[in-house]
Peer 1: 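Pasting a structure below so you can have a look.
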Amino acid sequence: MNTRDASVMSGTVLDAYDPAYDPLVDTNPGIGRDYSPSYWVASAGRPPADDGPLEGDLDADVVVIGSGSTGVSTAMYLAQDHQINAVVLEANQTAWGCSSRSGGQGQNASGRLSRSQWIERYGLDTAIRLDREIRTGFENFKDLTRQIDCEAFDGGHLYLAHRPEKLAYLRNLADVRDRMFGYNTPILTAEQVREQYCDEREHCGAILEREGVGVHPLKFTFGMLRKARELGVKIHPASPVLGWETHAGVHHLRTPRGVVRARRVVVCTGGYTGQKLHGEVRNKILPILSNSLVTRVLTDAELKACNFVSKTFLTDTRTLRFYYRLLEGNRLQLGSRSSITGADAHNPVHLKLLTDAIARKFPPLAGIQIDYSWWGWVDVSHDMMPRITRPDPAQAIWHALGYGGNGVSFSTWAGKRLAQRVAGKDGQQAVFDLPIYNTPLEYPNLFGKVRSQAFAPFRRFGQYILYKWYWLRDEK
Ligand SMILES: Cc1cc2nc3c(=O)[nH]c(=O)nc-3n(C[C@H](O)[C@H](O)[C@H](O)COP(=O)(O)OP(=O)(O)OC[C@H]3O[C@@H](n4cnc5c(N)ncnc54)[C@H](O)[C@@H]3O)c2cc1C
C-alpha cells in the first residue's frame, strides 16, 4: 500500500500541501492533502470531528461537493430548513480551500461590482432589489458570527483612496449608496482615519461602509460545520470526486474508495473546481490567485507608532486591491493579487508586493518579520458577479460559483438560497429572478452573443495583459 492509500484509509495521515497546485493544470485538488500554511490553520485549534473518508458505496438524497463555507452552509440549511441530510464530499481537509485562507473580511457585497455598477448594468429597480437581497444575506451572516466563536469584529469596512483622484470616485460611491439605497456612508478625511482607526500613510481619504464584520474565517466555517453535523449532515474529507457519470437521472460520483449515488448534486468547489469535474462547470470561472501574509505580533511601541486604535478592516481603491487589518492578538494581516500560475506562486516577487505595501502604508513596520504567508484560488466570473443557479433544467445539478474574492459573507447566504433551490422551494419566490439567480455563468462570451469555449485557453494571456494595464492605471 502506498502512502496515499494509507492516508485515505486512516483519515488523519495526509499528503503534503502542494503550493504549486493549479486548477487549470491539475486534474483534481488532491486526496487528503494537508492545509495551506495559513495563520488561520495555525490558530483555529483542532478541526471538528468529521465522518472520515468515504469507505464503500452509498446512496444519498443530495450530495454537496466541497466543504468550504458555501458547501457547509448549503448542507446546514438543507438539514435545518428542509430536513434533507446531505452527504458532503471534500477532496482534502474540511474547509481546505479559500475558506481556510481568506482575509476574513465579511462585506455587505456579492461579487466585485459596486452598487453604482449594479445600476448601470441592471437598472435601478433591479439594483434596489439586489441590494435588499445582499443586505439580507449580510445580516444573516452577521447573525451567524454572533452564534459562532470566530473573533468577529463588527466595525464596518474602511475603503481608502490610494491616490487623490480616487476621492471623487469614493464620494460618488457614498452618494449613490446613501441616496439610492438608504445607507449612511461617512466620508472621512485622511486625518480622521489616522486618528480614529490607524495611521495608514498611503491614503488620502476614505469612506466608511458601516456594514462589515471581520472574522477568523476558519473558526467560522468550523462552527458552521459543527452545526451541520449536529443536524445529521455527513462530511467525508479525503474523498474527492474523481469521476462522474449519470444514468437514468442518478448521478454516480466516484471517490477513491467508494461511489455515491444521488439524484441531486450541488457543486461548491469555488476556485478549486477541476477542469474535468463536470461539463456544466468546466471553464465557467477563471481561478485567480490571491496572496496573504500575517506578521509577528506587533509591540506596544509599533501599535502606537501606527496608531492602531481599531480592528476595522480596510481595502484600497486599486483595481487589484490590497486588503488588510489588525487581527485579534495584534498581528497585521495584508493581502492582494499573486501570480497568474500555480507554478510561479512561490516566486518571492509576489511576497515582496505585499511587504512593500506594508512599508508604504505603515512605515514603522517596514521589514517586520512575516510569520505566515500563503495563497489560494478565488473564483472569478466573466462579469464579476456570482451565480447560484441550476445551469441545465434537465439535470439536477446546482452550483454557487463566481464570488470574485468576496465570498466570506455571501457564501453563507448562497448556501441558504441553494438549499431552497435543491429542496424545490425556489419557484414561489420572486427573488430568484434576480440576475445572480437566473442568468448563466458563461465564460468566455464571444462578442457578447455566442457562448463559446474557444477562447478558454487564452484566458490567462488576457489576465496577464489586464494585470499590466491595472498596474499602469493604478500606479502611474
Ligand atoms: C487569499 C484569499 C483571501 C480572500 N479574502 C477574502 C475576504 O477578505 N473577503 C471575502 O469575502 N472573500 C475572500 N476570499 C474569498 C473567500 O475565501 C471565498 O469566496 C469563500 O471562502 C467561499 O469559498 P467556497 O466555499 O465557495 O470555496 P472553497 O472554500 O475554496 O471550498 C471549495 C472546496 O472544494 C473542494 N473540492 C474541489 N474539487 C473537489 C472535488 N473534485 N471533490 C471534492 N471536493 C473538491 C476543495 O478541496 C475545497 O476545499 C479570499 C480568498 C483567498 C484565497
Side-chain angles (χ1 to χ4, degrees), residues 21 23 26-33 35-36 38 40 54 63-74 88-112 138 141 157 212-215 217-218 220-221 224 236-244 253-256 260 267-278 281 285 287-293 313-315 321 323-325 333-338 354 373-380 386 388 399-412 414-415 418:
Y21 168 74
D26 298 297
T27 44
N28 68 66
I31 306 176
R33 277 198 193 285
Y35 287 107
S36 75
S38 77
W40 311 122
L54 185 75
V63 170
V64 173
I65 309 178
S67 71
S69 49
T70 306
V72 171
S73 67
T74 304
V88 180
L89 297 177
E90 165 56 50
N92 298 299
Q93 308 307 305
T94 48
W96 176 88
C98 285
S99 302
S100 54
R101 310 179 197 211
S102 78
Q105 301 197 349
Q107 297 199 13
N108 176 24
S110 146
R112 291 301 289 271
F138 173 73
F141 163 74
H157 164 215
V213 181
V215 294
L218 189 53
F220 177 70
T221 308
M224 283 200 297
H236 296 287
S239 305
V241 175
L242 301 175
W244 183 335
L253 304 175
R254 181 171 54 78
T255 73
V260 188
V267 180
C268 302
T269 45
Y272 291 84
T273 307
Q275 286 290 82
K276 294 200 168 146
L277 181 61
H278 194 281
V281 289
I285 51 133
I288 285 185
L289 266 183
S290 181
N291 223 359
S292 199
L293 61 73
F313 63 72
L314 310 97
T315 65
R321 66 188 174 188
Y323 52 91
Y324 39 116
R325 63 178 166 132
Q333 185 200 16
L334 183 138
S336 188
R337 59 153 284 195
S338 180
L354 305 192
S373 153
W374 70 92
W375 43 87
W377 293 94
V378 301
D379 45 330
V380 176
I388 296 81
H399 66 61
L401 293 169
Y403 302 133
N406 246 346
V408 166
S409 157
F410 184 69
S411 60
T412 55
L418 267 177

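Please read all numbers here as calculations on a predicted model, not as lab measurements. Atoms within a ligand are numbered from 1 in the order they appear, just like the ligands themselves.
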Peer 1: Relative to atom 27 (O) of ligand 1, which among S409, G405, G270, G376 owns the nearest non-hydrogen atom?
Peer 2: G270

Peer 1: Please list the nearest protein heavy atom to atom 50 (C) of ligand 1 with its residue and the distance rounded to 0.1 Å.
Peer 2: S102 CB, 3.4 Å

Peer 1: Report yes if W374 has an N/O atom closer than 3.5 Å to an N/O atom of ligand 1; otherwise report no.
Peer 2: no

Peer 1: Nearest heavy atom to atom 32 (C) of ligand 1: which of G97, G407, C268 does it belong to?
Peer 2: C268

Peer 1: Within the structure, does P29 bring an N/O atom to less than 3.5 angstrom of an N/O atom in ligand 1?
Peer 2: no

Peer 1: Would you call N28 a ligand 1 contact, heavy-atom distance under 4.0 Å?
Peer 2: no

Peer 1: Which residues satisfy the side chain to side chain contact (heavy atoms under 4.5 Å, CB included) test with T315, sequence neighbours excluded?
Peer 2: Q105, Q107, H157, Y159, R321, Y323

Peer 1: With the threshold set at under 4.0 angstrom, would you say G104 reaches ligand 1 through any of its heavy atoms?
Peer 2: yes

Peer 1: Do A91 and ligand 1 have an N or O pair less than 3.5 Å apart?
Peer 2: yes

Peer 1: From N28 CG over to K276 NZ, what is the distance, rounded to the nearest 0.5 angstrom?
Peer 2: 10.0 Å

Peer 1: Taking the side chain as every heavy atom from C-beta outward, state whether V72 and S99 have any atom pair closer than 4.5 Å.
Peer 2: no

Peer 1: Kindly compute the distance separating CD1 (I285) from CG (L401), expressed to the nearest 0.5 Å.
Peer 2: 6.0 Å

Peer 1: Within a distance under 4.0 Å of any heavy atom of N406, pick out the atoms of ligand 1 and give their elements.
Peer 2: 10 (C), 11 (O), 12 (N)

Peer 1: Heavy atoms only: which of Q105, H278, H236 lies closest to atom 9 (N) of ligand 1?
Peer 2: Q105

Peer 1: Taking only non-hydrogen atoms of E90, do any sit less than 4.0 angstrom from ligand 1?
Peer 2: yes

Peer 1: Any idea which of T70, I31, L289 brings a heavy atom closest to atom 26 (O) of ligand 1?
Peer 2: T70

Peer 1: When you compare the side chain of S336 with that of L354, does any pair of heavy atoms fall below 4.5 Å?
Peer 2: yes

Peer 1: Does any N/O atom on V241 come nearer than 3.5 Å to any N/O atom on ligand 1?
Peer 2: yes

Peer 1: Mind checking whether S69 has a heavy atom under 4.0 Å from ligand 1?
Peer 2: yes

Peer 1: Do ligand 1 and C98 have nitrogen or oxygen atoms that lie under 3.5 Å from each other?
Peer 2: yes

Peer 1: Give the atom numbers and elements of ligand 1 that come within less than 4.0 Å of a heavy atom of N92.
Peer 2: 47 (O)

Peer 1: Considering only heavy atoms of G103, which atoms of ligand 1 have at least one such atom less than 4.0 Å away?
Peer 2: 3 (C), 4 (C), 5 (N), 6 (C), 7 (C), 8 (O)

Peer 1: What atoms in ligand 1 come closer than 4.0 Å to a heavy atom of S290?
Peer 2: 1 (C), 2 (C), 3 (C)

Peer 1: Can you check whether L277 has an N/O within less than 3.5 Å of an N/O in ligand 1?
Peer 2: no

Peer 1: Are V260 and L89 side-chain neighbours, meaning at least one heavy-atom pair lies under 4.5 Å?
Peer 2: yes

Peer 1: On the six-membered ring of W96, is R101 placed so that its NZ or CZ lies under 6.0 angstrom from the centre and within 45° of the ring axis?
Peer 2: yes

Peer 1: Suppose I only count heavy atoms of I65 and a 4.0 Å limit; which atoms of ligand 1 are within that range?
Peer 2: 40 (C), 42 (N), 43 (C), 44 (N)

Peer 1: Which ligand 1 atoms does Y323 reach within 4.0 Å, using its non-hydrogen atoms?
Peer 2: 1 (C), 2 (C), 3 (C)

Peer 1: Which ligand 1 atoms, with their elements, are less than 4.0 angstrom from a heavy-atom of Y272?
Peer 2: 30 (O), 37 (C), 38 (N)

Peer 1: Looking at OG of S102 and CH2 of W374, how far apart are the two atoms once the value is rounded to the nearest 0.5 Å?
Peer 2: 8.5 Å

Peer 1: Can you check whether V213 reaches S409 side chain to side chain, under 4.5 Å on heavy atoms?
Peer 2: no

Peer 1: Give the residue and atom name of whichever protein heavy atom lies nearest to atom 52 (C) of ligand 1, and the separation in Å to one decimal.
Peer 2: V378 CG1, 3.7 Å

Peer 1: Using side chain to side chain contact (heavy atoms under 4.5 Å, CB included) as the criterion, list what pairs up with S411, not counting sequence neighbours.
Peer 2: S69, T70, Y403

Peer 1: Give the numbers and elements of all ligand 1 atoms closer than 4.0 Å to a heavy atom of G66.
Peer 2: 33 (C), 34 (O), 35 (C), 44 (N)

Peer 1: Which atom pair, heavy atoms only, marks the closest approach of G68 to T221?
Peer 2: C-CG2, 4.0 Å

Peer 1: Are the side chains of L293 and N291 in contact, using a 4.5 Å heavy-atom criterion?
Peer 2: no

Peer 1: Is any N or O atom of S99, backbone or side chain, closer than 3.5 Å to an N or O atom of ligand 1?
Peer 2: yes

Peer 1: Is there a side-chain contact between T412 and M224 in this structure, where contact means two heavy atoms from C-beta onward sitting under 4.5 Å apart?
Peer 2: yes

Peer 1: First locate atom OG of S110, then atom CZ of F138, and finally report the distance between them rounded to the nearest 0.5 Å.
Peer 2: 13.5 Å

Peer 1: Under 4.5 Å between any side-chain heavy atoms of W377 and Y21, yes or no?
Peer 2: yes

Peer 1: Given that the side chain starts at C-beta and the backbone is N, CA, C, O, which of these parts of T269 lies under 4.0 Å from ligand 1, counting heavy atoms, or is it both or neither?
Peer 2: both

Peer 1: So P240 and P256, do their side chains get closer than 4.5 Å, heavy atoms only?
Peer 2: yes

Peer 1: Taking N or O atoms only and a 3.5 Å limit, does R101 qualify as a polar contact for ligand 1?
Peer 2: no

